[in-house]
Amino acid sequence: MCRPACSDGHCLLLPFLLLLLRWSPQVQEMYAAALADDPNAFAYDGVYESMQQEKAAPKAQDKVVRQPKYIANLLEQAQQRKREQDITNERRLVRCWLCAAVDLAG
């Protein structure tokens with residue numbers, strides 16, 4: 001909040017505004033009628049803050065719900081490459097053993 005508020009939520013600036021508007025009784029009557037109809041008629045800070053919270057709420061939910069788009073796919077591909085490398089290394093070992101066995105026999 002840019003302005004201090006009292007415990008019941010009304011802005012401390014309202015009495016000052018009433019002093020400024022004393023020169024016009026018609027404006028004072030309109031002001032009093034508006035407050036009588038709706039006590040939050042001049043609660044601009046509260047309305048503004050609620051609007052800002054409404055804007056921030058979807059962004060906060062996106063951060064909570066959002067999952068990485070590519071990480072799962074990259075991890076899966078890395079595991080597949082690791083399996084293929086293991087298979088390739090096993091084939092190389094088998095070839096070396098066969099070559100060694102042929103050399104020893106031969």
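Heads up: numbering here begins at 1 and tracks the sequence. What you see is a predicted model, and the numbers here were worked out from it, not measured in a lab.
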**Q** Just wondering, more than 12 heavy atoms not from E76 lying within 6.0 Å of its CD?
**A**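 Atom CD in E76 is not packed in, count stays at 12 or less.
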**Q** Please report the interatomic distance CG(L93) to CG(L98), rounded to the nearest 0.5 Å.
**A**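 Between L93 CG and L98 CG, I get 11.0 Å after rounding to 0.5 Å.
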**Q** Start with the C-alpha gap between E84 and I87, add the side-chain angles, then the distance that decides, and say whether side-chain contact (heavy atoms from CB on, under 4.5 Å) holds.
**A** CA-CA 5 Å; E84 290 173 357; I87 292 170; 5.6 Å; no
**Q** Mind checking the CZ-CZ spacing from R92 to R95? Nearest 0.5 Å is all I need.
**A**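 The CZ atom of R95 is 8.0 Å from CZ of R92, to the nearest 0.5 Å.
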